[in-house]
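The figures that follow rest on heavy atoms only: side chains count, while hydrogens, waters and symmetry mates do not. To find a chain, count down the sequence lines: A is the first, B the second, and so on, and within it residues start at 1.
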Number of protein chains: 2
Amino acid sequence: MSTAGNPSGTQAVDRAAKLLSEVVHSTVPVTFTELTAATGLAKSTTSRLLLALERNGLVRRDDHGRFLPGEMFVSFAWRGGADTSLVAVAQPFLDRLGKSTGETINLGVANGPQAETIAQVDCAYLIGGTNWVGLSVPLHASAIGKVLLAHGAAQLSAGPMARTTDKTITSEATLRADLAGVRARGYAVSDEELEPGLITIAAPVFRFDGTVVAALSVSAPTSRMKRETAMAVARRCVEEAAGLSSALGYRPRARKGA
Amino acid sequence: MSTAGNPSGTQAVDRAAKLLSEVVHSTVPVTFTELTAATGLAKSTTSRLLLALERNGLVRRDDHGRFLPGEMFVSFAWRGGADTSLVAVAQPFLDRLGKSTGETINLGVANGPQAETIAQVDCAYLIGGTNWVGLSVPLHASAIGKVLLAHGAAQLSAGPMARTTDKTITSEATLRADLAGVRARGYAVSDEELEPGLITIAAPVFRFDGTVVAALSVSAPTSRMKRETAMAVARRCVEEAAGLSSALGYRPRARKGA
DNA sequence: GAACCTAGTTCCATAAAGTGGAACTCCTGG
DNA sequence: CCAGGAGTTCCACTTTATGGAACTAGGTTC
């Protein structure tokens, strides 16, 4: 009768978790009745489970008796555990993107005047990216960096822009134009601007408040990234980045339909 | 045999919640064995419950099989639910402070160049504070404001400091000296500096990373806040602020004991 | 202000789900 | 290759959760 086939005997916990999930993933406080409806549980069961969740600080009630995530969630959020866990939330999205493109996938964030790689999925080919996790790259020459710059998630340092290949953008005006393109298209491209033979495409990851917190990228050798492939890859990259954004609570536009 | 007398029949959920609590409130990943030890549950039970929690995104395992808070917590934290819920976490501390002093309790945060009151517990006396929630007061004249200033959680605006009573500090040098005192003592006092007849004492609330995010205050009419009373009140205020800080993950000093 | 909803909690007999000891499977290190 | 620890799976036992019904608490209507 339930949606999922429960692997083993833990009904009560699973049901409680389902209730909890409804409460936590909702953007607004949830009523008791909505919860019985959403989970299909009997009133008595719902009541007992919610009482247990409340007793354990997993949910709480507002003045109208509606349910909100409890002290345990708030406390976790305040203690900053989230920052270190971005990678964990992102992993499934990276994996999916890696599987569908076969190329090297990276997740990068701003770290001072550079872009730092914090997670990676290796490519399926013999020739491909090495491990970049922990490495920092120039903002103006990398696709991830350009995404961060374009959305104000990183600032260039004062000095002149270092040239790493003959295609590297070093003029401020050119970069500004490129960044405008990044915002318009929804993704950034670094076409041999960081390293000869390397093309990278990156898309922005938004947080609940619409600010960009990271960028998701696909890197491949020029030999495998022709124009048509690039278009498809870019679309997939933007898709997964959007999915991750949504997991972080970003809601691009109020959407119709229940 | 168990530590707590369970009010009603929800053993499995309570046990799962206890495991979850261990995982979430720990600063480091927790091992399976630590969990069995901490909760006193049988290996088989622990295993089953953890599997259920994992399946539902409440915990996850790192590469060494140790347990961390799951996607549900991270996602909640990233979507910014915490900010709106500071009041909820703080409530018990405010209540306790209110009960033990009998006076008006406030929780305030920085809001631009002012201190904004975001929660309040009303005093037990007939004469006392009115509702301040939502009100903003000058940083330099209020105890909450001085705490925020002293710990760099708020900045004064450029202009001159407005005088609201004849005791208001309006000289920058005097204020600077006062703020040094606030840091040294651990609390701030506004002695009729905001309104004649009103004394307020405030203590800082720290976040996990040691930054100050809010201030907790006790306000009373001069008639009830004599010197000795003030000392006791200040101590209680600092205590509760420390308790709240701890709930937000702040650990002033590594603590001994299992 | 009495009758009537609706929302939610408590009761209780039933049976289903959780429990824990023991057996089993994986690792890791000697 | 064997020993020992860590964790999972099995399974008979029984404790614990379940859900319908009764009950309580607010709120609305007439």
Legend entry - NZ/NE/NH1/NH2 to OD/OE distance under 4.0 Å, B:Lys18 and B:Glu22: no

Legend entry - Trace of the side chain to side chain donor-acceptor pair (under 3.5 Å) decision for B:Gln120 with B:Asp122: CA-CA 6 Å; B:Gln120 172 164 340; B:Asp122 292 322; 2.8 Å; yes

Legend entry - Where B:Val212 and B:Pro204 come nearest, the two heavy atoms and their spacing: CG2-CB, 4.0 Å

Inset, instruction - Please name all residues satisfying salt bridge (charged side-chain N to carboxylate O under 4.0 Å, His left out) with A:Arg207, sequence neighbours left out, ordered by chain then number. - result: A:Asp209

Inset, instruction - Provide the closest heavy-atom pair for B:Ala241 versus B:Leu216 in the form atom of the first, atom of the second, distance. - result: N-CD2, 3.6 Å

Legend entry - Ring-ring centroid check A:Phe32 A:Phe67, cutoff 6.0 Å: no

Inset, instruction - Applying salt bridge (charged side-chain N to carboxylate O under 4.0 Å, His left out), name anything that partners A:Arg235, two or more places apart in sequence or on another chain. - result: none

Legend entry - CG on A:Asn131 to CG on A:Asn106, rounded to 0.5 Å: 8.5 Å

Legend entry - Residues from residues 21-31 of chain A lying under 4.0 Å of DNA chain C - heavy atoms: none

Inset, instruction - Give, for atom CE of A:Met225 and atom CD1 of A:Ile199, the distance between the pair rounded to the nearest 0.5 Å. - result: 6.0 Å

Legend entry - Side-chain N or O of A:Arg15 closer than 4.0 Å to phosphate OP1/OP2 of D:dT18: yes

Hey, what are the protein-to-nucleotides 13-17 of chain C N/O distances that come in under 3.5 Å?
residue, atom, partner, partner atom, Å
C:dA17, OP1, A:Gln11, NE2, 3.2

Inset, instruction - Rounded off to whole Å, could you give me the CG-to-P distance for the A:Asp14 and D:dT18 pair? - result: 11 Å

Close N or O pairs between protein and nucleotides 26-29 of chain C (under 3.5 Å):
none

Inset, instruction - Quick one: pull up CD1 in A:Ile144 and CH2 in A:Trp132 and give me the separation to the nearest 0.5 Å. - result: 8.5 Å

Legend entry - Close side-chain approach of A:Phe206 and A:Val213, heavy atoms under 4.5 Å: no

Inset, instruction - Figure out the CG/P separation between A:Leu19 and D:dT18, and round it to whole Å. - result: 10 Å

Legend entry - Value in whole Å for how far the P atom of C:dG8 lies from CG of A:Leu41: 14 Å

Are any protein N/O atoms closer than 3.5 Å to N/O atoms in nucleotides 8-10 of chain D? If there are, list each pair with its distance.
residue, atom, partner, partner atom, Å
D:dT8, OP1, B:Arg61, NH1, 3.1
D:dT8, OP1, B:Arg61, NH2, 3.4
D:dT8, OP2, B:Ser47, OG, 2.9

Inset, instruction - Identify whether the distance between the nearest side-chain nitrogen and carboxylate oxygen of A:Glu71 and A:Arg60 falls below 4.0 Å. - result: no

Inset, instruction - For A:Leu35 and C:dA7, give me the distance from atom CG to atom C1', rounded to whole Å. - result: 13 Å

Inset, instruction - For A:Arg66 and A:Thr31, test the side chains for any donor-to-acceptor distance below 3.5 angstrom and give the result as yes or no. - result: no

